[in-house]
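Structure first, then comments.
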Amino acid sequence: MRNDVVRRGRLSGERTGEMMHFLSSMVADRQIADADVLVDIAHVLMLSKQRILDEETVRPLLAALLRLYDEGIPESAFDDIYEDVHAGIEAFLITTVGEETGGRMHMGKSRNDEVAACLRIRLREDVLRQLSILFRLRETIICLAEEHTGTVMPGFTHLQHAQPTTLAHHLLAYEQAFSRDCERLSESFSRVNLSPLGAAAFASTGYPVNREYIAGILGFDGVLGNTMDAVSSRDFALEVLSNLSIMMTGISRLCEEIILWSSSFAGFVSLDDAFCSTSSIMPQKKNPDTAEIMRAKAASLIGAYTSAAVTMKGLPMSYNRDLQELTPSLLRGVQDAKHSTSLLNGMLMTASFNRERMKEEAGKSYSTATDLADMLVRKCGLPFRTAHSIVGRAVQNGGLDRVFLDEAATSITGSPLPGNSLQDIDILDALDVEKSIEQKKAKGSPSTLSIRSAIEDRKKRLEADQQNTEQRALALKEAIDALIRDARRIARE
Ligand code: ARG
């Protein structure tokens, strides 16, 4: 018969299966179980270093924990009779090495600091993984931009044709946004990767624990000073969820555009069949379902963030069981964000863009009218507002040729455009879509020159971001490798 070692002293009363399942965090805890083994190993090492536990206890404890590390955690530790995986693992240890030894592991530790540490260990990995997927997505976008520097397309405001641009310029807008998402996640990492351990329930412990040591061997960058804050804060999770929500708003915008672009109205892009579904009744259909689900995942992320934030709102110090309910939102949010980013990358990599259709639309709806107004300013010395009115009036009257422009100029200024300084070729040139784009040479604009230099900048930026994240991942891996190595050595001694 399994025994809830935490509960048996103070409480009696039979719990029904429904009660146990309601109270248990086991479903979510499966995702922090590996982290829990690491925390237990580090805790025992710390108790050993501080001479709180003697060798006779430390050796078998570490050996049992290393078996869990090497062979995996047995299913019995995930039984709902335990409120959580921390109790499940402790009960398993007591069963395997006996209470005389196993019953000493939890000295100076509480599930409160333990779960906070596990969440932080899990989340720091998730943040690094999310960053690396974002890097791949940025790389794909930069490659597409290189390929489509000369792919002319309409740019929109209010979803109306506005001014011509290029696909490269359009896609790089997203790359820039995704690089800010990386920045935000990367900044959050430094607040995620702090250790709550040694805080115990909230008031720390009278045992001479070494908080810096245990933080260091688990690869944390530092210690959360105040022990009450250490167990009760989840702003690190809120921060990551809110950053992921922001990221998902960007992803949902790109998905929305992909959906629009793939409609037969636009015909700008054709998605690989693998990313599409068909209809159970309309045999001809090819629907961009992956992009649609991804667009909706932004709502799920915002929901996860909202649920977590509302859980924290008004929660008194210090640990409250409400905190347990935040974990599934966090894990679900992180998972949805990861899958969305990675699938979006695949969808973009395999999409084929229709250059002709984009070009066809680029000059529609007088999309170069602004260039024409600018040309009138340059050639005829008109104030911009006057030129803007003349061009606007000509559009209203039916076209942007010399006749309409002169008529418009007469109705706005009282005289036609000056014939000597303005040739028909000037009008044709100003209206030319490609010339319009190539004139835009300022930093970040769509001309070939600006885009080429932007691509170089973005590549450099991406490389620096990648290096930074790789260093962090390596530091974590080295810390955990060293932790396990030390544990093995001491277990064998
Ligand atoms: N399962 C709990 C959680 O996820 C563990 C923390 C401590 N539980 C407690 N009753 N104090 O938050």
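Both counts, for ligands and for their atoms, begin at 1 and track the order of listing. The analysis underlying the following values was restricted to heavy atoms, covering all of them including side chains, and did not include hydrogens, waters or symmetry mates.
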_Checking Asp34 now: which residues fulfil side chain to side chain donor-acceptor pair (under 3.5 Å) with it, not counting sequence neighbours?_
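Asp34 satisfies side chain to side chain donor-acceptor pair (under 3.5 Å) with no other residue.
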
| query | Is a salt bridge present between Arg104 and Glu100, judged by a nitrogen-to-oxygen distance below 4.0 Å? | reply | yes

Q. Should the pair Phe268 and Trp261 be assigned to parallel (<30°), tilted (30 to 60°) or perpendicular (>60°) ring geometry?
A.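 Judged by the thresholds at 30° and 60°, the geometry between Phe268 and Trp261 is tilted.
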
Distance-only donor-acceptor check, side chains [X] and [Y], under 3.5 Å:
{"X": "Thr140", "Y": "Asn345", "answer": "yes"}
{"X": "Glu114", "Y": "His43", "answer": "no"}
{"X": "Ser188", "Y": "Glu239", "answer": "yes"}

One pair per line, please: each N/O atom of ligand 1 matched with every protein N/O atom under 3.5 Å away, atom names first, then the distance to 0.1 Å.
| from | atom 1 | to | atom 2 | distance (Å) |
| --- | --- | --- | --- | --- |
| ligand 1 | 1 (N) | Ser25 | OG | 3.0 |
| ligand 1 | 1 (N) | Asp84 | OD2 | 3.0 |
| ligand 1 | 1 (N) | Gln324 | OE1 | 2.8 |
| ligand 1 | 11 (N) | Asn112 | OD1 | 3.0 |
| ligand 1 | 12 (O) | Tyr319 | OH | 2.5 |

